[in-house]
Each structure stands twice: as structure tokens, then as C-alpha cells.
Student: 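One structure is given below, represented as C-alpha cells, and several questions about it will come after.
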Number of protein chains: 2
Amino acid sequence: MEVELENRGLSKRKRQILKAIVDAHIQDGGPVGSKYILQSQQLGCSAATIRNEMAELEEMGYLEQPHASAGRIPSELGYRFYVDSLIEHYVMTTNEIAQINHLLRSKMGELDQILTAASNLASNLTNYTGIAIKPRVSAVSISKFETIYLDPNHYILIAVTSTGAVKSKHLHPITPVSQDAVALLADVLNDCVSTRLADQITLPIIMEMESRMGVDSGLVGSVMKEIYNLLAELDEGEMKVSGINRLLQYPEYSNVEHLQDLLGTLENKEDILNLVAQGSNEDVNVVIGSESRVKVMNNSALVFKPIVKDGHTVGAIGVIGPLRMDYAKVLATLEGLSGNISDMIHTNKQLNGGTRDAGNEKD
Amino acid sequence: MEVELENRGLSKRKRQILKAIVDAHIQDGGPVGSKYILQSQQLGCSAATIRNEMAELEEMGYLEQPHASAGRIPSELGYRFYVDSLIEHYVMTTNEIAQINHLLRSKMGELDQILTAASNLASNLTNYTGIAIKPRVSAVSISKFETIYLDPNHYILIAVTSTGAVKSKHLHPITPVSQDAVALLADVLNDCVSTRLADQITLPIIMEMESRMGVDSGLVGSVMKEIYNLLAELDEGEMKVSGINRLLQYPEYSNVEHLQDLLGTLENKEDILNLVAQGSNEDVNVVIGSESRVKVMNNSALVFKPIVKDGHTVGAIGVIGPLRMDYAKVLATLEGLSGNISDMIHTNKQLNGGTRDAGNEKD
DNA sequence: GTTAGCACTCGGCTCGCTTGAGTGCTAAAA
DNA sequence: TTTTAGCACTCAAGCGAGCCGAGTGCTAAC
């Protein structure tokens with residue numbers, strides 16, 4: 001009974017045929033006919049039987065026919081079933097593993113850089129478009145402030161967030177300030193603002209700050225405005241795309257409309273950031289075409305894997321491409337990459353005693 | 001004689017015909033025939049005469065014929081002559097000016113953000129792909145260091161460059177350090193390293209730093225390594241692209257190869273950063289197809305305007321698109337945008353005493 | 001339930017035809 | 001010498017007919 005459920009009532013033969021069709025279609029992109037299945041698979045039956053099965057699979061919604069006298073192609077439901085139940089585990093070649101190790105190890109840097117490198121690598125290894133994401137973080141606070149005095153009309157405000165990100169703002173006060181005032185400002189901010197969320201900074205707190213700043217209380221107003229901006233920026237999320245040109249090799253994107261849709265989505269970022277925000281934090285997520293509510297994704301698939309540190313999603317890497325994506329390979333690649341990245345950001349100390357710099361995160 | 005020279009020996013009529021052809025071609029993208037010129041222009045001669053002139057213009061290299069029985073299209077030389085001598089000044093609509101003002105003023109922030117907003121705007125207003133560039137800076141030094149102590153195994157190094165950019169690195173020393181040691185490190189770095197270029201940091205200097213750090217001399221090695229990395233990153237330049245999808249509306253990019261070439265170039269960034277680095281610092285630069293040594297640009301044109309502050313190029317905005325670009329409009333738009341940006345970054349003090357300016361922050 | 005056979009469908013390709021925009025050339029006019 | 005009118009020529013693009021072949025659905029027999 002469980003097996004029946006998991007297989008959604010598909011006989012073993014139907015599953016084998018469906019898998020063969022998806023595999024073949026992923027490879028050439030053309031419709032797959034009964035004759036091809038007959039000779040590629042070893043199921044002891046004739047083409048006519050296969051045709052019957054295919055007709056039933058179509059009726060069940062797993063296959064589609066582009067036109068009456070063509071073979072079948074998988075429907076979105078077909079891909080979904082394939083990804084959930086039929087897919088074979090792809091084993092990365094030693095060469096691929098070596099590439100991951102080499103590039104990521106050499107590109108040690110802040111999380112930003114690691115993610116960008118990883119998205120590049122994902123694109124290279126899979127031949128689809130890679131994306132690197134820094135997700136929206138809603139409940140972020142600032143854990144530490146610092147100020148750098150440059151001249152009486154110019155100082156820099158530095159903020160370290162609870163996720164470890166460092167942000168800076170240049171400030172140009174109208175009335176000249178002293179180095180001491182700027183230093184005091186950092187102390188006051190650390191005492192009054194840090195570890196508080198935006199909506200926990202109340203008027204009494206601001207008044208206390210102003211009183212502690214004494215003659216330089218005028219600084220508080222402008223600084224607080226910048227802090228709000230800064231928190232808002234953190235809230236936005238970021239996304240980098242690499243390997244757009246790889247899309248062009250897939251005939252599905254010679255349809256200008258599909259290409260335009262996808263490029264528009266990549267441009268926008270909003271839609272994809274939302275999808276990633278909604279996704280599971282643990283697994284690799286697969287979004288197939290119109291499964292998402294994002295209409296523009298209709299003819300494409302998105303696969304992504306969040307990078308988790310200390311229970312927080314600090315980033316994600318992914319791949320975007322045509323529906324007939326080589327899911328097996330993409331899943332394996334993203335798993336491999338994310339494993340490496342997690343290792344990197346969890347190794348706090350390094351062998352060489354040098355720097356190790358897990359970018360945006362907190363310890 | 002001077003006029004002759006400036007017009008490269010083209011009679012007034014030839015210039016009028018050439019301009020009419022370029023204008024028409026920019027608009028429809030098709031070859032332009034003698035008949036069209038006859039009725040669009042008021043030059044008192046017949047189609048046959050125009051044909052003769054066109055034949056001569058072709059011989060001189062300003063026009064090309066896609067095939068024997070088609071009209072003419074401008075050659076790269078033709079575009080160049082058009083841009084240099086024939087172009088009419090485009091006057092921005094009040095609506096366009098309002099858009100620039102509104103969006104840029106509302107997007108006050110660090111230079112990064114301004115540039116990105118400007119490139120978006122350039123793309124919107126012109127209907128081509130916009131780019132925002134932070135150029136390579138070769139002779140950059142660090143003007144100020146700061147450190148932020150987080151815990152005995154984790155501190156942050158902050159560096160402010162001579163161009164005002166702020167960069168940060170997380171460091172995780174193997175042996176625990178004290179807050180005082182980290183603070184001392186900042187002082188030592190400010191005394192010994194700041195204002196020096198990378199190749200001016202010699203062994204004696206490093207030894208002096210180690211001696212001043214006392215028991216914590218072990219920190220110096222790892223920090224110096226990060227500083228080198230940081231300087232290397234500054235050296236790289238950055239580029240953001242917006243509105244790639246706009247390219248698809250131009251039939252020249254339905255040629256998959258051309259599109260692939262251009263997308264590849266946009267991906268790479270190297271080529272365009274080089275072009276911008278070579279360009280004039282003052283004017284709007286126009287690079288028409290194979291004029292540049294970048295082969296992949298063969299079927300596209302790049303127009304960009306550097307943003308200069310205190311004699312240094314701190315950024316650039318530009319537009320990339322097909323050869324038959326509406327140069328008049330693009331030139332006007334970029335001039336307008338860069339004017340606004342310059343105003344913004346030169347206003348050191350703001351009415352509200354708020355922020356402004358140059359910063360590229362790192363997390 | 002499976003198979004063999006057959007008629008049918010339909011996209012994609014090729015071929016030839018027509019159309020029309022646009023040219024170059026020549027010979028006459030200015 | 002320059003301009004013009006006229007004419008023959010060229011060639012891409014669009015259209016439709018026709019063929020091909022892969023692949024189907026259906027039916028009748030196993």
C-alpha cells in the first residue's frame with residue numbers, strides 16, 4: 001500500500017517508460033516516440049503496448065503531446081514525479097570534485113565572494129545559469145557600532161549586524177565635529193541601539209542618547225536616519241547571476257518570449273528572492289515551471305540549496321534553466337557545493353593561523 | 001579648408017544624405033533606399049542623383065549594401081562620422097528630466113547605489129542595456145584602519161581607502177587575543193601602513209610593526225595577508241548590468257551568435273572595464289563595434305560617461321546596444337545623468353546634514 | 001492483456017513561382 | 001560637367017504545393 005502510494009498507482013512498467021522518456025527528453029529536447037523506448041529499454045513488450053501505456057500516462061497527466069503525430073514530452077507533473085521518485089543518483093566525476101575543491105579553496109573570502117564563486121562554479125559544471133543569493137533577513141539587529149573620524153566635516157559610521165555583515169555609511173555633519181565626539185557617538189550607539197530591532201528603538205532611547213552626547217546631540221538625528229536606511233538595506237536581499245549566455249544553447253530559449261520572460265525575472269530578483277524565502281531551509285528545492293506562483297517562470301525550472309549556519313539561512317546557491325534540466329546532475333552539484341561551503345564557514349580557525357574569514361556571519 | 005577637413009571632403013548634399021540614411025536606419029533597422037531619401041528630404045534633385053551620391057558614399061566607406069538589390073545601411077565609419085559631425089543635439093523632455101531628478105534624489109546613498117540607480121535609469125530612458133562601473137584603481141592606498149573586537153577568536157579589520165571606499169575582513173586568530181591587542185593593532189597599522197601603496201610596504205616596516213605589537217606580534221602576519229587581498233580586490237573593478245532583456249527587442253540580436261557574444265562580454269566584465277579604463281576621463285565616450293580591439297563587441301556599440309571627483313574617475317555609467325543606437329538620445333541622457341551625479345557627490349554638506357557619497361562597503 | 005498491421009496526421013523540408021523594392025547603367029537633357 | 005529619365009537586372013522574401021517520415025490511434029487477431 002505504501003509503495004502504491006509513493007508511486008501514485010503507476011505500475012513498474014509505466015514508471016520505467018516515464019523515466020526513459022524524461023531521460024531522453026532531457027538529453028535531446030525532442031519528443032520521444034514509442035519506437036525509441038522499445039529499443040533503448042529492455043521491457044519485454046512491443047511498441048504497440050508502449051503506445052498504450054504512453055496514452056495512459058498522458059491521460060494521467062504525466063506526458064504531453066506537442067501535436068497529434070509527434071512523440072511525447074514530459075509535463076510539469078511528469079518532471080515532478082521524476083524528480084521525486086524516479087531520479088537516479090548522479091555521481092560526480094573526480095574531475096568535478098577537484099574543480100569544486102580547487103576553486104572554492106582558492107577563493108577564500110567573505111561569504112559574498114564564496115557565494116559568487118559557487119554560483120559561477122554551479123553554472124560551469126551544469127551548463128545552466130547560476131545564481132547566488134543573500135536572502136532577506138527580517139529580524140536583523142546591529143550588534144556593534146564603530147565610527148571613523150576623517151575630518152571635522154566627515155566621518156564614517158560602521159555597523160556589524162547580528163549576522164556578521166559589515167555595513168558603512170559616510171556622514172557629513174553640517175556643524176564641524178571633534179574626534180572625541182565621534183568616538184563618543186560610537187559608545188552611545190553601542191549602549192543604546194545595538195542588539196535592538198528597529199521597532200525597539202523608542203523616543204526615550206533617542207532622548208537618552210541626545211542627552212549623553214551633550215553639545216553634540218545634533219549628531220544623533222542624522223545618524224539614526226542612516227541606521228534606519230541601513231537596516232532597510234539589509235532587509236532587501238541580494239542576488240547575483242552568472243552564465244546567462246549559457247541559456248542560449250537550449251532551443252527552448254530561441255523562443256524570444258520565453259527568453260524575455262526569464263531575463264526579466266533574473267533582472268527583477270524579487271520573484272526569485274521570494275521563491276527562495278519560501279523554500280525549505282534544509283533540502284535542495286526544486287521549483288518546476290508553473291508550480292511557483294511566479295508566472296514568468298512558466299517555462300523554466302529553478303533548483304536551489306540554502307546555506308545554513310547556526311540555524312540561520314545565510315545564503316543560497318542555485319541554478320536556473322529549461323524545464324528539461326538535468327536534475328540529477330544539478331542536484332548532485334548543488335549538494336556538493338553547499339557541503340563545501342558549509343565546511344568553509346564552519347571552520348573558524350585555520351591551519352595556517354591566518355585569516356579565515358567566514359564572511360557574513362556571527363559566531 | 002578647415003570645414004573641408006572637418007567634413008572629410010563630403011559635400012553638403014552628401015552629408016545630408018548620409019545623415020538621413022543613418023537617422024532612418026536607426027529608426028527601422030532596415031536598409032534605406034534612394035526613393036525614401038527623395039521624399040523624406042528636401043534636396044532638389046532626383047532619385048538617380050541620390051543613387052549616384054550613395055554609390056560614392058559607399059565607395060568612400062560610409063555605407064554598405066547588405067546585398068546587391070537592397071538599399072544602404074551605415075558602415076561603422078558611417079556611424080562614426082555621424083556621431084562626430086552630423087548628430088543633432090537631442091533635447092530631453094521635461095518628463096525625462098523629472099524622472100532623473102526624482103529617482104536620483106530619492107536614492108541618495110553611497111556611490112554604489114547611486115551608480116546602480118543611474119544605470120537602471122539610463123536603461124529605462126534609452127531602452128538599451130545600462131551599465132554601472134567602478135573602475136580599476138591602480139594606485140590606491142589605505143588611508144585609515146580600524147578594528148572591531150568581537151571575541152577572543154574573532155575580530156574585524158576595517159580599511160578606508162584613499163577613494164573613500166570602506167572594506168572589511170573578518171579574522172579568526174588561532175591564539176586568543178585581547179581587546180587591547182586588537183586596538184593596538186589598529187594604531188600600528190595606521191602608523192605604519194596607511195597612505196603607503198602595496199609595493200611600499202617593506203620588510204623593515206613589517207618588523208617594526210611586529211616589535212610594536214609585543215606579545216601579539218603573531219597577529220601581524222595574518223593581517224598583512226588580508227590587507228594584500230583587500231588591495232587586490234580594490235584593483236579589480238566592478239560592473240553592474242541592468243536591462244539585459246531590452247536587447248531582445250532589437251532584431252539584430254535575434255542572431256543568436258551576436259547575442260551570445262554580447263552576453264558573454266557582459267558576463268566577463270573584463271573587456272568592458274578595459275575599454276572604460278582606456279577612455280577619456282572627461283567626455284562621453286562612444287565605442288562603435290570593431291573600433292575597439294574587443295572582438296566580441298563587433299556588432300554592438302558602447303557609450304559611457306565617466307564620473308569624476310577631485311580629478312579621479314570614481315565610476316562610470318553607460319549604455320550598450322546595437323550599432324544602430326539612437327546616439328543623440330543616449331548622449332543626452334548620459335550627460336544629464338552624469339551631471340546630476342556629479343552635483344550629488346560634490347555637495348559635501350547636505351541640507352539635512354545627512355549622508356552622501358563615495359563608499360563601497362563590504363560585509 | 002498483448003500484438004501486428006494499417007490508415008491517418010501533421011510538422012518540416014524542398015522546390016518553384018511571383019512580387020517588388022532597389023539598384024546600376026546608358027543616353028539624353030540642362 | 002552634372003543631372004535626369006528610363007530600363008533591364010538582381011535578389012530577398014513570401015507563398016503554396018507537394019513530398020517525406022516519424023509517430024500515432026484504432027482494430028482485429030492472438
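Numbered from 1 within each chain, the chains take letters A, B, ... in sequence-line order.
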Student: Testing the basics here: between A/I87 and A/A328, what is the closest heavy-atom pair and its distance to 0.1 Å?
Tutor: CD1-N, 3.5 Å
Student: Distance check needed: C/dG22 P versus B/I50 CD1, whole Å only.
Tutor: 12 Å
Student: What integer distance in Å separates B/E56:CD from D/dT3:C1'?
Tutor: 13 Å
Student: Using residues 256-264 of chain A as the side-chain source, report each donor-acceptor pair under 3.5 Å to any protein atom, sequence neighbours left out, with the distance given to one decimal.
Tutor:
residue: A/H258; atom: NE2; partner: A/N299; partner atom: ND2; Å: 3.3
residue: A/Q260; atom: NE2; partner: B/N245; partner atom: O; Å: 3.2

Student: Looking only at side-chain N and O atoms, does A/T49 come under 4.0 Å of OP1 or OP2 in C/dT3?
Tutor: yes
Student: Check the interface with nucleotides 24-28 of chain C: list each N/O to N/O pair with the protein under 3.5 Å, or write none.
Tutor:
residue: C/dG24; atom: OP1; partner: B/R72; partner atom: NH2; Å: 2.8
residue: C/dG24; atom: N7; partner: B/R51; partner atom: NE; Å: 3.4
residue: C/dG24; atom: O6; partner: B/R51; partner atom: NH2; Å: 3.3

Student: Expressed as a whole number of angstroms, how long is the span from B/I17:CD1 to C/dG22:P?
Tutor: 15 Å
Student: Within the side chain of A/E96, is there an N or O that forms a donor-acceptor pair under 3.5 Å with the backbone of A/T93?
Tutor: yes
Student: Hey, is the main chain of B/R246 close enough, under 3.5 Å, to the side chain of B/Q249 for a donor-acceptor pair?
Tutor: yes
Student: Looking at B/E267 and A/I244, would you say the former's side chain and the latter's main chain have a donor-acceptor pair under 3.5 Å?
Tutor: yes
Student: Of all of residues 25-45 of chain A, which get a heavy atom below 4.0 angstrom from DNA chain C, listed by number?
Tutor: A/G44, A/C45
Student: Please report the distance, rounded to the nearest Å, between CD in A/E64 and P in D/dG23.
Tutor: 18 Å
Student: Can you name the atoms? Protein N/O to nucleotides 12-17 of chain D N/O, anything below 3.5 Å, with the distance.
Tutor:
none

Student: Grab the CG-C1' distance between B/L63 and C/dT23 for me, whole Å please.
Tutor: 14 Å
Student: Got a second to check how far A/L63's CG is from A/I17's CD1, nearest 0.5 Å?
Tutor: 9.5 Å
Student: Taking the side chain from A/Q278 and the backbone from A/L275, do they hold a donor-acceptor pair closer than 3.5 Å?
Tutor: no
Student: Go through the structure and list residues passing ring pair (Phe, Tyr, Trp, His ring centres under 6.0 Å) with A/Y250, not counting sequence neighbours.
Tutor: A/Y128
Student: Output every pair passing salt bridge (charged side-chain N to carboxylate O under 4.0 Å, His left out) with a member in residues 26-55 of chain B, not counting sequence neighbours, ordered by first then second residue.
Tutor: B/R13-B/E53, B/K14-B/E53
Student: For B/E252 and B/P322, work out which heavy atoms get closest and say how close.
Tutor: CG-CB, 3.5 Å
Student: Expressed as a whole number of angstroms, how long is the span from A/I21:CD1 to D/dT24:P?
Tutor: 9 Å
Student: Ignoring hydrogens and geometry, is there a side-chain-to-backbone donor-acceptor pair from A/Q99 to A/L121 under 3.5 Å?
Tutor: no
